[in-house]
Structure formats: structure tokens, C-alpha cells
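In what follows, a structure is listed as C-alpha cells, so that the remarks can point back to it.
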Amino acid sequence: MNCNRDCLLKLFLTVLGITAFGIYITQTGMLNVTGVTNILLPTGTRRLQNTVFTKPIIGPFPSKNRSSCSCKGFTITGLNVPAAELEDVQRRRSEEYRQYKLRMKTNLDTLILAPSNSPLQYPIQGVIVEPLTKSVIPGLALHAQKRRLYKVSLSVKGGVLSVEDLVDGEQVDGQGQSELTILSISLIQLNDLLSRVTYTSTFYHVNTKDLVYLSFEDYEAVFPIMIKRTSVPVLYDPGKDINSQVTITTKTFLRYEELNVLINSIRQFYPEIKIIVADDSLIPEKVNGSNIEQYIMPPAQGWFAGRNLAVSQVTTKYFLWVDDDFIFWNNTRIEDFVKIMEKVPELDVLGGAVGNNQFFFRLVYEEGEEEEGGCLQRRHRGKLQSLPGFNGCFFVDGVVNFFLARTDAVRRVGFDPFLKRVAHTEFFLDGLGDLMIASCKGLSIGHQKKRKQSKYRRFRFPGQSDGKNKLAHHYFKNNLKCIKY
């Protein structure tokens with residue numbers, strides 16, 4: 001049998017149980033399929049075909065089956081868990097992962113299929129409602145030819161349905177229940193009733209979902225109800241200058257000489273900007289200077305604990321993270337960072353370069369089987385896409401230790417204080433899928449000349465036990481069976 005690519009695609013979708021769809025080819029030659037996702041077609045898109053079968057059953061797409069990810073060339077994290085404890089650790093990890101999936105299930109993770117040429121009208125993108133609150137479902141209607149009797153049914157699982165202001169003579173079955181049937185000999189009256197259909201969730205949750213199944217004769221459609229408490233906005237007053245927009249943050253340990261050089265260089269360019277120092281030195285020394293906040297920690301608490309402390313004290317919209325051995329120079333223009341972040345509100349973190357080192361990377365993550373865990377790979381200098389409108393800027397998954405960040409976004413992710421000595425990628429790993437990150441050329445800071453510090457190096461470069469503990473930590477916390485840096 002001869003079959004072109006459109007024919008083959010139809011056969012494939014039919015096997016999957018999708019029986020109503022339309023095929024589009026864009027000017028770039030990419031295939032779009034209506035009925036699989038709800039797509040806004042770009043200008044110039046050419047419609048090739050639109051096929052509707054007798055009974056287009058439209059509903060949630062089946063969830064994907066995860067396969068075991070390959071660990072060839074990776075470090076196996078589970079090998080760093082003591083053998084005598086591994087079985088018990090696996091049991092606890094499985095239970096924690098189960099609970100994690102239940103919490104994350106509140107997101108809309110079901111693929112909704114939109115029917116092609118259906119007489120049913122409904123809000124394809126769904127409706128957002130407050131929990132336990134009656135809300136009208138907008139946009140419900142029927143567009144059908146003349147019938148003796150029109151009958152539309154709706155059903156939900158996590159709530160009840162009603163028709164508001166029901167009067168005698170209007171035929172509605174299941175008022176205040178999870179299944180509602182509306183009948184009328186008049187299409188106009190039926191649509192009037194549909195315009196008054198309400199949904200009320202019957203259980204409390206701040207962020208979950210329900211599905212509404214809508215049917216007429218042989219047509220069925222499904223759309224989501226997002227049950228969500230309205231969030232109160234949290235805004236930062238940007239003030240009138242850079243000093244009210246940005247706080248400079250750093251963490252220091254046994255390097256007061258470098259820290260003072262850094263502070264002096266900052267004051268050359270930004271005399272009044274606030275500087276926050278988290279200090280876990282063994283014997284703390286007073287850091288002098290105006291508008292400097294020094295927070296003394298217990299000794300040797302570590303890199304990420306210090307970052308958490310510093311960021312927790314920021315009151316500005318943004319903070320600029322710098323290491324204590326950096327040095328400001330002419331190219332260290334905080335205003336350039338802010339200008340980009342203000343023009344791209346979706347950005348959470350914007351990295352620059354330390355000297356000529358514009359370190360950035362991409363993270364490739366495969367979930368893998370639930371029992372075994374996933375695989376993570378860090379690809380050095382991996383770019384995702386250019387940042388539109390900004391030459392030399394591109395999206396990435398992680399950047400160097402010189403970056404401007406939105407305070408509230410970083411606080412959401414946080415820095416894992418378990419990681420005391422060697423930690424960097426781990427913050428971006430925890431923020432994967434939550435933070436929008438970019439790196440830009442032309443935004444740079446200097447690095448001070450390194451001096452010999454034997455006591456500092458003993459802490460900064462610990463033995464193999466720290467590395468093993470970190471990998472065992474990844475095994476449980478991130479449900480990773482293997483990792484590759």
C-alpha cells in the first residue's frame with residue numbers, strides 16, 4: 001500500500017486511539033496536529049487536511065512509560081551508600097519519592113485533546129476556580145443542527161455541578177451532583193442553561209485540578225478545572241537608583257585580605273550600595289566600612305549555608321553574587337545586568353564572566369524508572385537558545401559564580417546546606433525546571449591573584465569522603481542513580 005507521510009501519521013494516531021485530528025504544515029516544514037494539542041497556527045500556515053470520524057472520543061492522553069536511563073560513562077550514586085544501609089535507604093527513598101509525586105501531581109500534567117469540528121463549545125485552556133467556591137464555567141455552548149431534543153451531559157470527579165437560577169420547566173437532572181444532564185427542545189434555551197453551569201470543588205487544596213467531561217450524542221470533550229487559591233503578590237520597590245535595586249552578597253572563610261580588596265574595589269564604582277557578608281571563619285574578624293552587614297556563622301558551616309544566610313537578609317529586588325576573591329573593574333557594570341533583567345521579567349538568574357571565563361552549562365536529565373532513579377549529565381558550555389533581542393546572551397541551565405538574581409526566585413530554590421565544601425552545580429540542579437537562567441558576554445568581573453593559604457586549602461579541597469557523601473546525597477535527595485559532571 002502506498003502511503004505518504006500524512007497517511008502514515010493518521011495511521012499512527014489511530015493506533016493511539018486518536019480519532020479526530022487535523023494536519024497542518026508550517027512554512028518551516030514542521031507538522032502540527034490539531035486534536036493532539038491546541039495550537040495557534042503561525043501566519044502563512046497551510047491547512048492540508050481535516051478528518052472527523054463518526055465517534056471522536058477525546059480525553060486525557062495516557063501517561064508515558066518510563067524506561068531505565070543509561071548510566072554508561074556516569075558515576076553510580078548508589079555505590080557511595082554504605083552496603084549495609086542500602087536496602088533501608090532504598091525503602092525510605094521510594095516512600096519519599098511517592099509522596100513527592102503526589103505533591104507535584106497538583107500541576108496540570110494531563111494532555112487534553114481538542115476535538116476537530118465538534119459541535120461542542122467549551123474553554124479548551126480550562127478554568128481557574130477558588131477551592132470550595134461556586135464558579136460559573138464560561139464559554140459552554142452547543143452548535144448543532146435542528147433536533148427534536150437536545151441533550152448535553154457533564155461530569156466531574158472532585159466537585160459538583162449546578163445550573164444557576166433554575167426555574168420551573170427547565171429540565172436539568174443531577175443538580176448539585178457530580179453528573180449533570182441538561183435537556184431542551186430549544187437550542188437557544190439549552191445554550192442559556194449551559195451559560196449558567198457552575199462548578200464547586202468538594203475538597204480543599206491550594207493547587208490541584210479536576211477534569212470536566214462534556215458530551216453530546218457521539219461527541220465527547222474534556223477540559224481542565226484548575227482549583228487554585230489566589231496568590232498575594234510580593235513586590236519589591238525598585239526605588240530610584242541602583243542602590244535600592246541591588247544588594248551585593250558574598251560568603252567569606254579565612255580570606256579577609258581578599259575580602260577587603262573586593263570591598264575596596266566595589267566602593268570605587270558603587271560607594272553606597274549595600275554589601276552583605278556571610279562569615280564562617282574559624283576566628284571572625286570585624287569587617288569595617290559603611291553600609292556593610294557582616295553575619296557571623298558557626299565556624300566552617302560551609303559554602304551553601306553561607307549563601308542561604310546572605311540571601312535571606314536581602315531586601316532588594318535583586319542581589320549580585322560575587323566570591324570574596326573577585327575584584328570590580330571597569331566592565332563590572334551592575335546596571336547592564338539590571339537593564340536586561342528588567343526587559344525580560346521571566347529571567348531569574350543572569351550570569352556574566354570572571355575574567356575571560358564565561359563558565360556556563362546545560363543539564364540533561366532523564367527520569368528513568370521510579371525504583372532505580374534518574375540520570376543527570378552536565379554538559380559544559382551547553383547552550384539552549386539565544387535570548388531574543390540581546391546579542392551575546394543565551395539561555396543555559398547554570399552559570400559562573402558571578403550573577404545577578406531575582407531575590408524571591410532564588411529563595412524559592414535555596415542552597416542545600418548539606419553541601420559544605422564543594423558545591424555549585426547543585427543549586428542549578430535543584431532549580432532545574434523552575435528557574436529561567438541566561439548568560440551574557442560583556443558582563444564581567446576580575447579575579448584576584450591567588451596566594452598560598454594552606455589552612456584554607458585544607459577546608460576548600462577536602463578528602464574523598466566528602467565526594468562520596470555528596471554522591472550518596474544525590475542518590476536519595478534527587479533520586480539519581482547516576483550522575484556525570
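Fair warning: this is a prediction, and the values are worked out from it, not measured in the lab. Here, residue 1 is the first one in the sequence, and each next residue gets the next number. Hydrogens, waters and symmetry mates play no part in the numbers below; they use all other heavy atoms, side chains included.
- Phe361 and His380 have their aromatic ring centers separated by at least 6.0 angstrom.
- A distance-only check finds no donor-acceptor pair linking the side chain of Asp430 to the backbone of Val413 [under 3.5 Å].
- For the pair Ala300 and Arg421, the tightest heavy-atom approach, listed with the atom from each and the gap, is O-NH2, 2.8 Å.
- In this structure, the side chain of Thr202 engages the main chain of Gly158 through a donor-acceptor pair within 3.5 Å.
- Summarising the geometry of His424 relative to Phe304, their closest heavy-atom pair is N-CZ, 4.0 Å, with the distance given to 0.1 Å.
- Here Thr200 contributes atom OG1 and Leu132 contributes atom CG; the two are 9.0 Å apart, rounded to the nearest 0.5 Å.
- Surrounding CG of Asn391 are at most 12 heavy atoms belonging to other residues, nucleotides or ligands under 6.0 Å away.
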Check: residues 334-341 side-chain donor-acceptor pairs under 3.5 Å, at least two apart:
| unit_1 | atom_1 | unit_2 | atom_2 | d |
| --- | --- | --- | --- | --- |
| Glu335 | OE1 | Tyr270 | OH | 2.6 |
| Asp336 | OD2 | Arg333 | NE | 2.5 |
| Asp336 | OD2 | Arg333 | NH2 | 3.1 |

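- One finds the CD atom of Gln377 at 9.5 Å from the CZ atom of Arg362 (value rounded to the nearest 0.5 Å).
- Below 30°, between 30° and 60°, or above 60°: for Phe402 and Phe326 the angle between ring planes is above 60°, a perpendicular geometry.
- By the side chain to side chain contact (heavy atoms under 4.5 Å, CB included) test, Gln358 pairs with Ala353, Phe360, Phe394, Ser439, Lys441, sequence neighbours left out.
- Taken to the nearest 0.5 Å, the CD1 atom of Ile445 stands 12.0 Å off from the CH2 atom of Trp321.
- Contact of the Lys251 side chain with the Asp280 side chain is registered, since non-hydrogen atoms from C-beta on lie closer than 4.5 Å.
- Proximity of Leu320 to Thr249: side-chain heavy atoms (C-beta onward) are nowhere separated by under 4.5 Å.
- Exactly one residue among Glu369, Glu372, Glu371 makes a side-chain hydrogen bond (donor to acceptor under 3.5 Å, both in side chains) with Lys481. That residue is Glu372.
- By the 6.0 Å contact criterion, CD1 on Ile128 is open, its count of non-hydrogen atoms from other residues, nucleotides or ligands being 12 or less.
- Side chains of Asn80 and His474: no donor on one and acceptor on the other come within 3.5 Å.
- Taking a 6.0 Å sphere around CZ of Phe418, one finds it holds more than 12 heavy atoms contributed by other residues, nucleotides or ligands.
- Scanning both residues, Tyr122 and Val222, for their nearest heavy atoms gives CE1-O, 4.2 Å.
- The distance from the CG atom of Asp279 to the CG atom of Asp324 is 9.0 Å, given to the nearest 0.5 Å.
- The closest side-chain heavy-atom distance from Thr75 to Leu471 is below 4.5 Å.
- Contact detail for Leu419 and Ala423: the closest heavy-atom pair is CB-CB, 3.6 Å.
- Taking both residues in full, the closest heavy atoms of Glu426 and Lys470 are given as OE2-NZ, 3.0 Å, listed atom of the first, atom of the second, then distance.
- The SG atoms of Cys375 and Cys69 sit under 2.5 Å apart.
- A 6.0 Å sphere centred on CD of Gln385 holds no more than 12 heavy atoms belonging to other residues, nucleotides or ligands.
- Here the closest heavy-atom approach between residue Val127 and residue Ile137 is recorded as CG2-CG2, 4.2 Å.
- The structure places CD of Gln313 at 6.5 Å from CD1 of Ile276, a figure rounded to the nearest 0.5 Å.
- No side-chain donor-acceptor contact under 3.5 Å links Ser281 to the backbone of Ile283.
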Pair Phe428, Ile437 - check side-chain contact (heavy atoms from CB on, under 4.5 Å), show working.
CA-CA 9 Å; Phe428 298 103; Ile437 304 166; 3.5 Å; yes
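- For the residue pair Tyr295/Glu293, the side-chain donor-acceptor check at 3.5 Å is satisfied.
- Partner of Lys101 under the salt bridge (charged side-chain N to carboxylate O under 4.0 Å, His left out) criterion, out of Glu95, Glu367, Glu370: Glu367 alone.
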Determine, step by step, whether Leu154 and Leu140 satisfy the side-chain contact (heavy atoms from CB on, under 4.5 Å) criterion, reporting the C-alpha distance in whole Å, the side-chain angles of both residues, the deciding distance to 0.1 Å, and the verdict.
CA-CA 11 Å; Leu154 303 94; Leu140 292 180; 3.9 Å; yes
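- Here Tyr236 contributes atom OH and Lys317 contributes atom NZ; the two are 10.5 Å apart, rounded to the nearest 0.5 Å.
- Counting heavy-atom neighbours within 6.0 Å of Asp434 CG, excluding the residue itself, gives a total above 12.
- With no hydrogens or angles considered, no side-chain donor-acceptor pair links Arg92 and Tyr97 at under 3.5 Å.
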Working for side-chain contact (heavy atoms from CB on, under 4.5 Å), residues Phe203 and Thr208:
CA-CA 10 Å; Phe203 62 93; Thr208 187; 3.9 Å; yes
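- No donor-acceptor pair closer than 3.5 Å links the side chain of Thr247 to the backbone N or O of Phe319.
- Under a 3.5 Å cut-off, the side chain of Thr316 and the backbone N or O of Tyr318 do form a donor-acceptor pair.
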The test is side chain to side chain donor-acceptor pair (under 3.5 Å); show your working for Asp323 and His447 and say whether it passes.
CA-CA 9 Å; Asp323 285 354; His447 199 290; 5.8 Å; no
